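Below is one structure, written out as structure tokens; comments come after it.
Any value given below was found using the heavy atoms of this structure, including those in side chains, with hydrogens, waters and symmetry copies removed. All chains are named by letter (A, B, ...) in the order of the sequence lines, taking the proteins before the strands, and each is independently numbered beginning at 1. All figures in this text were calculated on a predicted structure; none of them were measured in a lab.
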Amino acid sequence: MATQWETHPGARTMGPLPVVGRSTLTANGKTNRQANTATTDLLINSLGWFSIGLGLAEVLAPRKVAKITGARKHTGLIRAFGVREIISGVGILTNRRAAGWVWSRVGGDMLDLASLGAAMTRSGRNRSKTLLSAAAVAGVTVLDIRAAQQVSAQKEEHDALDRLEASVIVNQSPEECYTFWRHLENLPRFMSYLESVRDMGNGRSHWVALAPGNLKLEWDAEITEDKPGQTIAWRSLQGSEVTTTGSVEFQKAAGNRGTIVRVQMSFAARGQALARLAKLAGKHPEQMVYKDLRRFKQVMETGEVITTEGQPAGRTSGATWLDSIAR
Amino acid sequence: MKANCWQSKKKMSVETVPDPKILNSQDAIVKITTTAICGSDLHLYNGFVPSMQQGDIVGHEFMGEVVETGKSVSKLKVGDRVVVPFPISCGKCFFCEKQMYSLCENSNPNAWLAEKMWGHSPAGIFGYSHLLGGFAGGQAEYARVPFADVGPLKIENGFTDEQVLFLSDIYPTGYMAAEACDIKPGDTIAVWGCGPVGQFAIKSAFLLGAERVIAIDKIPERLRMARELSGAITLNFDEVDVLESLKELTGGRGPDACIDAVGMEAYGHGPVYAYDRAKQAMMLETDRPIALREAILACRNGGVVSIAGVYGGFVDKMPFGSLMNRSLTIKTGQTHVHRYMKPLLDRVERGEIDPSFVITHRLKLEDAPHGYDMFNNKENECIKVVLKP
Ligand SMILES: NC(=O)c1ccc[n+]([C@@H]2O[C@H](COP(=O)([O-])OP(=O)(O)OC[C@H]3O[C@@H](n4cnc5c(N)ncnc54)[C@H](O)[C@@H]3O)[C@@H](O)[C@H]2O)c1
Ligand SMILES: [Zn+2]
Ligand SMILES: [Zn+2]
């Protein structure tokens, strides 16, 4: 599952490249992502068994459950919940793509809470018991939500690092978008990590990228495909410290609503350049291209990229909350 | 300059911070002459809006004088007196072209973050969390206003600040909530919440032709304001059963449209309230939709539930079956303020409304933290606080 930045043909002879991006290398050689996956799996498995256990109890001994939870009059309902619990428990345990099933548990908890709420409003004497069991179910819900979140996050992490893709709709014609992009020296206006792109003629260009900490990465590239108003593709030249390919496609959006812009890029590096590339990609390489595309949209529609960098705040450190989660 | 900064839950403080600078060529810097505290700010104050950071300058209802413009600004000049709408809008995107300004696609630099939480991102908003752009707000001496040619409304006649300030938010917000009700002659409109937004919703419902407006709250002076200044029928939810009373007032049918001007921090009674508070405290639901549930259940078949109150995340026990089976329509959103500023200023000019009627307290900017505390606790008959830098 660990994704590797291994698009450089020469890289193979050197064995796999270290993994960069969100999954960083840990001491035992296991990636954090693998460790996270293990925790999530454990959480999901226990939820699955919890569901089945609770479900069986609800089906086999609805009265007891009703008594414990203080919802005496609702044994029929409780039996129904039990069936649902078992179904979702089995679903969680047997389904390899558990996201949907875990969310069904969350839904189930809400049902439980809702009916406990109903019990609460009616039965005065049993209220404290009901409150207690509401708290218990609520506790399970926390687990559910955490698991569901982790599963969703995990899904995202499957995004390959060597095939970064994004698309956005822009309120301008394909020709306008193409023309702006084809003038490669415009790219640093929205690709935040680029310091400059110099057009050297003959479809060749020189790119300079800056990773945090003023770390420079440079490469030469050539255009490999160029269809005015439709597509542009490029790739780095042999021997560059960074191996990269990219392409952008401009498609007229339905209903005269501008242009759907689709981008695909990959990066790889070797030796010393790798660490700088990892810095450049940050914790969310899968977001990098997408954020750039949103900036492209801003430039195309409003003429510039809107920023809040440099605005006042009542704190001494210059870093924003966002910096802390985004890099 | 001095600016009111969010420190932590229930803690604001006025700090000395650097003056704002032009950061984009379409920016203007406005020297603020009057600003206000909004019910939405209370959600920040009480810690219900995620992604606030210590030191963030808050405030989104402000007006003042243009003191500097970026090089691409053409409609505003230094010296112009302007009211600034709270959503930030580019004027060029799909949604701005449709006049749905609070959904601008280009004004939230942190759109990707909002997309994670909400699927898609709305516009950036002044002083309203990093999720909505992390823009420094207007409870300060100066503010930087992006897209200055698109948002700010020039005030060229002799109105006082207090008469036009609320064009920045609550007057358009109340109006949009009432407009969404698609009011027909003879209609009865029920409004939950008699805070500033509720007051403007009530007035607007009458302006748009409602025959009766029923206002619901529990705070006596707010109910009195609704009754005496707008002619609403009032219900105190501490004293009467709201659903029963609404049925009685409408012969069992229910109000033609219901406006929720309460939002995520609604009060309530008994176990349901305890349930929502507990779940909110445990982060199992982010919002307490007590007024909203009631508005849905109360609304007549085929009616409109118009939601002006702000919600942030997830709510539980929504009577969705009621909504579906009875053909209700939900209308909601952060207000598309730009769309309403000019026409609503015209109404002020024609003397149909004087928006300053909601103001109960005038404080110095330095006293903003006290203003928050008082407004939050609904003390001293506080309904709306304006601040003077
Ligand atoms: N949609 C928008 O663009 C927009 C703009 C501004 C404000 N708002 C929102 O509108 C809401 C109201 O703002 P405000 O400035 O009037 O705030 P406010 O806090 O002064 O008003 C809320 C009122 O609701 C009352 N209330 C609480 N629980 C109630 C219940 N169960 N039934 C009836 N009334 C109840 C309170 O007593 C209070 O008077 C807030 O959620 C605010 O964030 C939305
Ligand atoms: Zn507001
Ligand atoms: Zn826009």
Taking the six-membered ring of A:Phe250 (Phe, Tyr or Trp), confirm whether the NZ or CZ of A:Lys252 is under 6.0 Å from its centre and within 45° of its axis.
no
Applying a strict 4.5 Å limit to non-hydrogen atoms, the region of B:Gln26 in contact with chain A is both
Of B:Glu294, B:Met324, B:Arg293, the one forming a side-chain contact (heavy atoms from CB on, under 4.5 Å) with B:Pro319 is B:Arg293
Those residues at least two apart in sequence (or on a different chain) that pass salt bridge (charged side-chain N to carboxylate O under 4.0 Å, His left out) with A:Asp292 are A:Arg295
Under 4.5 Å to a heavy atom of chain A? For B:Pro18 that would be both
Under 4.5 Å to a heavy atom of chain A? For B:Ala3 that would be neither
Taking a cut-off of under 4.5 angstrom between non-hydrogen atoms, the residues of residues 168-178 of chain A near chain B are A:Asn171
If one checks every heavy atom of B:Ile57 against chain A at 4.5 Å, the contacting part turns out to be side chain
Scored by heavy-atom pairs under 4.5 Å with chain A, the best of B:Gly134, B:Gly133, B:Cys96 is B:Gly134
Interface check, chain A: of B:Pro20, B:Gly124, B:Cys5, most non-hydrogen pairs under 4.5 Å belong to B:Pro20
Counting neighbours of CG on A:Asn256 that are heavy atoms of other residues, nucleotides or ligands and sit closer than 6.0 Å, is the number greater than 12? no
Side-chain donor/acceptor of B:His336 to backbone N/O of B:Tyr101, under 3.5 Å: yes
Of B:Ala140, B:Gly270, B:Cys93, B:Pro146, the largest count of non-hydrogen pairs under 4.5 angstrom with chain A goes to B:Cys93
Taken in chain and number order and not counting sequence neighbours, the residues that satisfy salt bridge (charged side-chain N to carboxylate O under 4.0 Å, His left out) with A:Arg262 are A:Glu249
If one checks every heavy atom of B:Ser13 against chain A at 4.5 Å, the contacting part turns out to be neither
Under 4.5 Å to a heavy atom of chain A? For B:Tyr142 that would be neither
task: Show the numbers, then the answer: is there a side-chain contact (heavy atoms from CB on, under 4.5 Å) between B:Tyr128 and B:Val49?
output: CA-CA 8 Å; B:Tyr128 214 69; B:Val49 178; 4.0 Å; yes
So, B:Glu105 and A:Lys297, do they make that salt bridge, N to O below 4.0 Å?
-> yes
Handout entry: Lys/Arg-Asp/Glu bridge criterion (N-O < 4.0 Å) met for A:Arg294, B:Glu115
Key = yes
For B:Asp56, the salt bridge (charged side-chain N to carboxylate O under 4.0 Å, His left out) test, sequence neighbours excluded, returns A:Arg315
